[in-house]
Asker: 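Got a structure here, written out as structure tokens. Questions coming.
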There are 2 protein chains.
Amino acid sequence: MRIGDIAHRASVSVKTIRHYERIGILAPAERESNGYRSYEPEVLDRLIFTRSAQAIGLTLGEIREVIAFRERGETPCAHVLDLIEQRASELTERIAELEALRADLNTLTQRGRDLDPTACSPTSICHIIPPTP
Amino acid sequence: MRIGDIAHRASVSVKTIRHYERIGILAPAERESNGYRSYEPEVLDRLIFTRSAQAIGLTLGEIREVIAFRERGETPCAHVLDLIEQRASELTERIAELEALRADLNTLTQRGRDLDPTACSPTSICHIIPPTP
DNA sequence: CTAAACCCTCCCCCGTAGGGGAGAGTCAAG
DNA sequence: CTTGACTCTCCCCTACGGGGGAGGGTTTAG
């Protein structure tokens, strides 16, 4: 299979495939005599896995690590489970931060509706946004 | 006031001040005869505003626009209120996405605990992560 | 007088996941 | 024989908010 074929089948761009090779998600491809990359069908599995893993928020660096387990002949499951739990807990923190921010913004929206724009002095640029302590 | 003084008073770095000048948050500073930047006290207000606006999630580009209203002699309040409401609604969307992702991750965590690692075939790299359709 | 502490400009660097395009080679069909 | 569709490498670019450091000039206190 050539790079264009496999890219099409995996629904990614040719650039993406070459990028994955460069960062170690894919092993350096075999080459045809003309220098073109040549792929075995199982590379497609790896591309599909990569897409799926990205979809649940893993970075390419993490995905590369997971794949490295397989390359070493180990099952990556325990590591994957760690990553997932870790990402979930980071996510919980992140959501809490964003919710706090949203609450602040809602307060400011109300404040902005109550304040009189003509009373806004140039000194503070805009009196809707309160100075951070 | 020199750049180091004002940076210290605003709790930002000297690099930050120069960066703000370059991107138009601050007007080009007056210079002393030796070429050193020289600041009037009101610039400090602008820096404090910038910090406060960043704290509620505005980008430097948006902050620059807000300041531009002031420079044109208009009150930026209406624009600021728009930005805040827009940011709040983006945030609501973003939070929903992250919550959906977290739900997926929790499902996968359970799945990962139930599945047998020794039954994980190399083809799919790791069977905890399901293929995206 | 000298060393520390400022200040200046200029340019490259971080992370993330590739995209854009130059300039060149290759291959199949018409 | 040429045209169009592939492919190759290489290098720069994106957003964001600056940080790091080179290589210089200035100032101020001891």
Side-chain angles (χ1 to χ4, degrees), chain A residues 1-26 28-39 43 46-67 83 87 90-91 94 97-98 101 132, chain B residues 1-26 28-39 43 46-67 83 87 90-91 94 97-98 101 132:
Chain A
M1 227 180 323
R2 301 234 272 229
I3 196 170
D5 292 332
I6 199 169
H8 183 73
R9 292 190 203 196
S11 302
V12 298
S13 72
V14 167
K15 282 279 192 186
T16 298
I17 308 271
R18 286 196 280 247
H19 183 56
Y20 287 178
E21 177 174 319
R22 223 165 54 77
I23 67 175
I25 294 264
L26 299 179
E30 298 297 306
R31 300 297 179 124
E32 296 175 13
S33 55
N34 56 17
Y36 287 14
R37 288 175 179 80
S38 173
Y39 296 94
V43 176
R46 191 169 288 200
L47 288 173
I48 289 169
F49 173 77
T50 300
R51 271 211 313 155
S52 309
Q54 274 192 298
I56 63 164
L58 299 193
T59 67
L60 294 181
E62 289 164 341
I63 294 168
R64 179 180 43 202
E65 286 177 31
V66 171
I67 288 173
L83 283 174
R87 189 63 75 256
E90 286 167 11
L91 208 45
R94 183 77 184 129
E97 286 171 15
L98 294 186
L101 182 52
T132 42
Chain B
M1 227 181 319
R2 303 233 273 227
I3 196 170
D5 292 332
I6 199 168
H8 183 73
R9 291 191 204 195
S11 302
V12 298
S13 72
V14 167
K15 281 279 192 186
T16 298
I17 308 271
R18 287 197 279 248
H19 182 56
Y20 287 179
E21 178 175 317
R22 224 167 52 78
I23 66 174
I25 294 264
L26 298 179
E30 299 297 305
R31 301 297 180 124
E32 297 174 13
S33 56
N34 56 17
Y36 287 14
R37 288 176 179 80
S38 174
Y39 295 94
V43 176
R46 191 169 288 201
L47 287 172
I48 289 169
F49 173 78
T50 300
R51 272 211 312 156
S52 309
Q54 274 192 298
I56 62 164
L58 299 194
T59 67
L60 293 181
E62 289 165 341
I63 294 168
R64 179 181 42 201
E65 285 178 31
V66 171
I67 288 173
L83 283 175
R87 189 63 76 256
E90 287 167 11
L91 208 45
R94 182 80 185 127
E97 286 170 15
L98 294 186
L101 182 53
T132 42

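Per chain, numbering begins at 1; letters A, B, ... match sequence-line order.
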Asker: Counting just side-chain N and O atoms, does Asn34(B) come under 4.0 Å of either OP1 or OP2 of dC7(C)?
Answerer: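 It does not, given that no N or O in the side chain of Asn34(B) lies less than 4.0 Å from OP1 or OP2 of dC7(C).
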Asker: How many whole angstroms separate atom CG of Leu26(A) from atom P of dA17(C)?
Answerer: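 So the CG-P distance, Leu26(A) to dA17(C), works out to 15 Å.
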Asker: Residues of residues 60-67 of chain A with any non-hydrogen atom less than 4.0 angstrom from an atom of DNA chain D: list those, numerically ordered, please.
Answerer: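 Heavy-atom contacts with DNA chain D come from no residue of residues 60-67 of chain A; none.
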Asker: Between Glu21(B) and Arg18(B) (salt bridge meaning N to carboxylate O under 4.0 Å), is one present in this structure?
Answerer: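 Salt bridge: no.
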Asker: Give each protein N/O atom lying under 3.5 Å from an N/O atom of nucleotides 4-6 of chain C, with the pair distance.
Answerer:
{"unit_1": "dC6(C)", "atom_1": "O2", "unit_2": "Tyr36(B)", "atom_2": "OH", "d": "3.4"}

Asker: Please report the shortest heavy-atom distance between Ser38(B) and Ala29(B), naming the atom on each side.
Answerer: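 Residues Ser38(B) and Ala29(B), closest heavy atoms: O-CB, 4.1 Å.
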Asker: If you compare all heavy atoms of Arg2(B) against all heavy atoms of Tyr39(B), which two are closest, and at what distance to 0.1 Å?
Answerer: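 Closest pair (atom of Arg2(B), atom of Tyr39(B), distance): C-CD1, 4.2 Å.
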Asker: If you compare all heavy atoms of Gly4(A) against all heavy atoms of Val14(A), which two are closest, and at what distance to 0.1 Å?
Answerer: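 Closest approach of Gly4(A) to Val14(A), heavy atoms only: CA-CG2, 4.1 Å.
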Asker: Can you give me the first and the last nucleotide of DNA chain D (5' to 3') that has an atom within less than 4.0 angstrom of a non-hydrogen atom in chain B?
Answerer: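 So the contact region on DNA chain D extends dG17(D) to dT27(D).
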Asker: Please report, rounded to the nearest Å, how far the P atom of dC7(C) is from the CZ atom of Arg31(B).
Answerer: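 After rounding, the reported distance stands at 12 Å.
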Asker: Measure the CD1-CD distance between Ile25(B) and Glu65(B) for me, rounded to the nearest 0.5 Å.
Answerer: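 Interatomic distance, Ile25(B) CD1 to Glu65(B) CD, rounded to 0.5 Å: 10.0 Å.
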Asker: Salt bridge (Lys or Arg N to Asp or Glu O under 4.0 Å): which pairs involve residues 55-64 of chain B, sequence neighbours left out?
Answerer: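 Only Glu62(B)-Arg87(B) qualify under salt bridge (Lys or Arg N to Asp or Glu O under 4.0 Å).
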Asker: When you look at CZ of Arg94(B), are more than 12 heavy atoms from neighbouring residues, nucleotides or ligands closer to it than 6.0 Å?
Answerer: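 Not more than 12 within 6.0 Å, no.
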Asker: Please round to the nearest 0.5 Å and tell me the distance separating atom CD of Glu30(A) and atom CZ of Arg37(A).
Answerer: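 Reported to 0.5 Å precision, the distance equals 12.0 Å.
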Asker: Find out whether Thr132(B) and Ile56(A) are in side-chain contact, i.e. whether some heavy atom of one side chain is under 4.5 Å from a heavy atom of the other.
Answerer: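 The answer is no, as the side chains (C-beta and beyond) never meet within the 4.5 Å cut-off.
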Asker: For Ile63(B), run the side chain to side chain contact (heavy atoms under 4.5 Å, CB included) check against Thr59(B), Val66(B), Ile67(B) and tell me which one passes.
Answerer: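 The side chain to side chain contact (heavy atoms under 4.5 Å, CB included) with Ile63(B) is passed solely by Ile67(B) among Thr59(B), Val66(B), Ile67(B).
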Asker: Roughly how bent is the helix from dC1(C)-dG30(D) to dG30(C)-dC1(D) end to end, in steps of 10 degrees, with each end axis from five pairs?
Answerer: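 About 30° separates the two local helix axes.
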Asker: State the CG-CG distance between Leu26(A) and Leu47(A), to the nearest 0.5 angstrom.
Answerer: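 Result: 5.0 Å between the selected atoms.
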Asker: First locate atom CD of Glu97(B), then atom CG of Leu98(A), and finally report the distance between them rounded to the nearest 0.5 Å.
Answerer: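 With rounding to 0.5 Å, CD (Glu97(B)) is 11.0 Å from CG (Leu98(A)).
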Asker: Please lay out, stage by stage, how His19(A) and Leu60(A) fare under the test side-chain contact (heavy atoms from CB on, under 4.5 Å).
Answerer: CA-CA 10 Å; His19(A) 183 56; Leu60(A) 294 181; 4.3 Å; yes
Asker: Going from NE2 on His8(A) to CG on Asp5(A), what distance comes out if it is rounded to the nearest 0.5 angstrom?
Answerer: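 That separation rounds to 9.0 Å.
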Asker: Within a reach of under 6.0 Å around CZ of Arg31(A), are more than 12 heavy atoms found that belong to other residues, nucleotides or ligands?
Answerer: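 Result for CZ/Arg31(A): enclosed.
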Asker: Is there a residue in residues 14-23 of chain A whose heavy atoms reach under 4.0 Å of DNA chain D, and which residues are they?
Answerer: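 Contacting residues: Lys15(A), Arg18(A).
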